[in-house]
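I'd like to ask some things about the structure below.
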Amino acid sequence: MTLPKVSVIGAGQVGSTTAHLLALKGLADVTLIDVVDGLAQGKALDITQASPIEGFGGRVQGTTDYAAMADSRLVIVTAGLARKPGMSRDDLLAANAAIVGPIAERISRLAPDAIVIVVTNPLDVMVALAIKRSGFPRQRVMGMAGVLDSARLRAFIAQQLGIASTEVETMVLGSHGDLMVPLKRFTQLKGKPIDTWLNDAQIEDLFQRTKDAGAELVRLLKQGSAFYAPASGVVEMAGAILGDAHKILPICAWLEGEYGLRDVCIGVPAQLGSRGIDRVIELELTVQERQALSASAEQVRIMIQQLVVLDAFRSNNAIMENKP
Ligand code: TXD
């Protein structure tokens with residue numbers, strides 16, 4: 001059986017786990033690319049050696065050569081730095097923009113028909129940058145965060161109630177950060193609203209824990225950040241796209257008027273299929289919910305402006321010609 005080709009840029013924690021899951025689920029032939037010589041090759045070889053045990057047939061290859069992403073159906077961008085002690089948010093923004101911008105240009109040259117899922121932080125801004133630098137239509141470039149944030153909240157609610165996490169439905173919108181917007185009205189179990197199961201203080205605690213979930217993991221792990229659940233989030237989106245499933249998932253998308261917002265990337269529900277984002281779904285939000293989403297979008301807009309000041313949206317062909 002011919003499998004679609006998926007390239008994963010960055011063979012670190014999230015990238016390699018994503019490659020592993022894509023292979024295990026039989027979703028794709030995977031090309032893993034990293035600037036560190038041997039890293040992607042080693043991870044790919046290791047995953048391949050699991051194939052006789054796990055029974056998957058997809059090919060997994062690793063390389064430092066970006067040209068290997070040619071003709072990918074889907075490119076997943078996980079390359080970048082995580083925040084280290086002493087680094088400001090602006091430092092991370094500039095450093096990861098210098099990685100993601102050139103990668104987006106390479107994707108547009110080497111895989112011009114690909115759909116792109118960005119994972120690198122600061123997520124919402126990196127999606128905007130990838131759209132600008134690839135020149136791709138907004139339907140074909142999106143970010144993964146809402147699936148993860150929603151999954152975290154579902155897991156926390158399930159733990160608290162002692163029920164299966166798959167029974168919990170929820171929707172976390174907004175930016176991937178302090179101003180994310182968990183929607184209480186869209187959180188339910190078996191059609192019964194969450195406030196019939198938990199009181200307001202309990203719900204608020206779980207919302208706050210969801211907002212802090214990334215930091216909680218960084219604290220526990222002591223080095224690096226979350227990767228199992230983030231990779232599962234990416235693979236859920238990849239599965240919806242590759243399988244043309246028309247599934248509705250919370251994703252980071254460029255908005256052009258939806259929710260009264262434009263020229264900004266933010267987490268919203270969207271229907272995913274083989275062309276990428278089929279459409280952004282506009283939920284009926286209350287005034288407060290809409291205000292929370294706008295506040296979140298404003299924060300992203302400020303960071304987009306910082307990239308404008310850094311001149312990061314301008315393409316740099318010299319970088320494009322360099323090998324990694
Ligand atoms: O919800 C979400 N969107 C997130 C985002 C959830 C978890 C992690 N999130 C962010 O993803 C995180 O803050 C980072 O910005 C990225 C990747 O996280 P990961 O944990 O995988 O980081 P690693 O393990 O440091 O891996 C990054 C790899 C590393 O192997 C580098 O050598 C490589 O990226 N790298 C590159 N590869 C290819 N090309 C270039 N230019 C490059 N630069 C670095």
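Since the model is a prediction, treat every value here as computed from it, not as a measurement. Start at 1 and go down the list; that is how both ligands and their atoms are numbered.
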(request) For ligand 1, note which part of His176 has a heavy atom under 4.0 Å away: side chain, backbone, both or neither. (result)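 Side chain only.
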(request) Output the list of atoms in ligand 1 that are nearer than 4.0 Å to some heavy atom of Asn96, sorted by atom number. (result)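 The list of qualifying atoms is 15 (O).
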(request) Write down the atom of Leu173, the atom of Leu183, and the distance for their closest heavy-atom approach. (result)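 Shortest heavy-atom contact: CD1-CD1, 3.6 Å.
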(message) Show me the pairs that pass salt bridge (Lys or Arg N to Asp or Glu O under 4.0 Å) and involve residues 246-260, at least two apart or across chains.
(response)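 Passing the test, one end in residues 246-260: Arg138-Glu256, Arg138-Glu258, Glu236-Lys247.
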(request) Ignoring hydrogens, just give me the one of Thr120, Val127, Asp34, Val14 whose non-hydrogen atom is nearest atom 19 (P) of ligand 1. (result)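 Shortest heavy-atom distance from atom 19 (P) of ligand 1: Val14.
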(request) Report the part of Asn121 in contact with ligand 1, treating N, CA, C, O as backbone and CB onward as side chain, heavy atoms under 4.0 Å; options are side chain, backbone, both, neither. (result)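 Looking at Asn121 and ligand 1, atoms from backbone and side chain both fall under 4.0 Å.
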(message) Nearest 0.5 angstrom please: Lys184 NZ to Ile203 CD1, how far?
(response)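 So the gap between those two atoms works out to 5.0 Å.
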(message) With a 4.0 Å cut-off on N to O distance, would you call Asp46 and Lys43 a salt bridge?
(response)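 Lys43 and Asp46: not salt-bridged.
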(request) Using heavy-atom distances, let me know which of Val147, Leu81, Asp37, Thr64 sits nearest atom 15 (O) of ligand 1. (result)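 It is Leu81 whose heavy atom sits nearest to atom 15 (O) of ligand 1.
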(message) I'd like the name of whichever of Thr78, Leu92, Leu221 reaches closest to atom 16 (C) of ligand 1 through any heavy atom.
(response)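 Of the listed residues, Thr78 has the closest heavy atom.
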(message) Between ligand 1 and Ala226, is the shortest N or O to N or O distance under 3.5 Å?
(response)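 Not met; the criterion fails.
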(request) Within a distance under 4.0 Å of any heavy atom of Ile99, pick out the atoms of ligand 1 and give their elements. (result)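 The list of qualifying atoms is 40 (C), 41 (N), 42 (C), 43 (N).
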(request) Starting at CG of Asn121, measure out to OG1 of Thr78 and round the result to the nearest 0.5 Å. (result)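 Here the interatomic distance stands at 11.5 Å.
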(request) Please list, chain by chain and in numerical order, all residues satisfying salt bridge (charged side-chain N to carboxylate O under 4.0 Å, His left out) with Glu169, sequence neighbours excluded. (result)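 Glu169: no salt bridge (charged side-chain N to carboxylate O under 4.0 Å, His left out) contacts found.
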(request) Might you point out which heavy atoms bring Gly174 and Val181 nearest each other, and give the distance in Å? (result)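 Minimum heavy-atom separation between Gly174 and Val181: CA-CG2, 4.2 Å.
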(message) If you take the nearest heavy atom of each of Pro122, Ala98, Ala79, Gly12, which one is closest to atom 34 (O) of ligand 1?
(response)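 It is Ala79 that holds the nearest heavy atom.
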(request) Give the atoms of ligand 1, by number and element, whose distance to some non-hydrogen atom of Pro230 is under 4.0 Å. (result)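 What qualifies from ligand 1 is 6 (C), 7 (C).
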(message) If only side-chain N and O atoms count, and only distance matters, is there a donor-acceptor pair under 3.5 Å linking Asp124 with His176?
(response)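 No, no side-chain donor-acceptor contact under 3.5 Å.
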(message) So if I count the atoms of ligand 1 from 1 in the order they appear, which ones are less than 4.0 Å from some heavy atom of Tyr66?
(response)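 The atoms of ligand 1 under 4.0 Å from a heavy atom of Tyr66 are 38 (C), 39 (N), 40 (C), 41 (N).
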(request) Below 4.0 angstrom from a heavy atom of Leu123, which ligand 1 atoms are there? Numbered from 1 as shown, please. (result)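 By the 4.0 Å cutoff, the relevant atoms are 3 (N).
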(request) Report the C-alpha separation of Asp29 and Val60 in whole Å, then their side-chain angles, then the decisive distance to 0.1 Å, and conclude whether the side chain to side chain contact (heavy atoms under 4.5 Å, CB included) test is met. (result) CA-CA 6 Å; Asp29 284 332; Val60 184; over 6 Å; no
(request) May I ask you to check whether Ile9 has an N/O atom sitting below 3.5 Å from an N/O atom of ligand 1? (result)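 Between Ile9 and ligand 1 (N or O atoms, distance only) the closest approach is not under 3.5 Å.
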(request) Heavy-atom contacts with Val36 under 4.0 Å: which atoms of ligand 1 show up? List them by number with element. (result)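 The atoms of ligand 1 under 4.0 Å from a heavy atom of Val36 are 32 (O).
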(request) Could you verify whether a donor N or O on one side chain and an acceptor N or O on the other, from Ser108 and Ser134, lie under 3.5 Å apart? (result)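 Their side chains do not contain a donor-acceptor pair, so the 3.5 Å distance test is not met.
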(request) Could you list which atoms of ligand 1 come closer than 4.0 Å to a heavy atom of Leu148? (result)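 Those atoms are 1 (O).
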(request) May I ask you to list the atoms of ligand 1 that are less than 4.0 angstrom from any heavy atom of Leu39? (result)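 So the answer, numbered in order with elements, is 30 (O).
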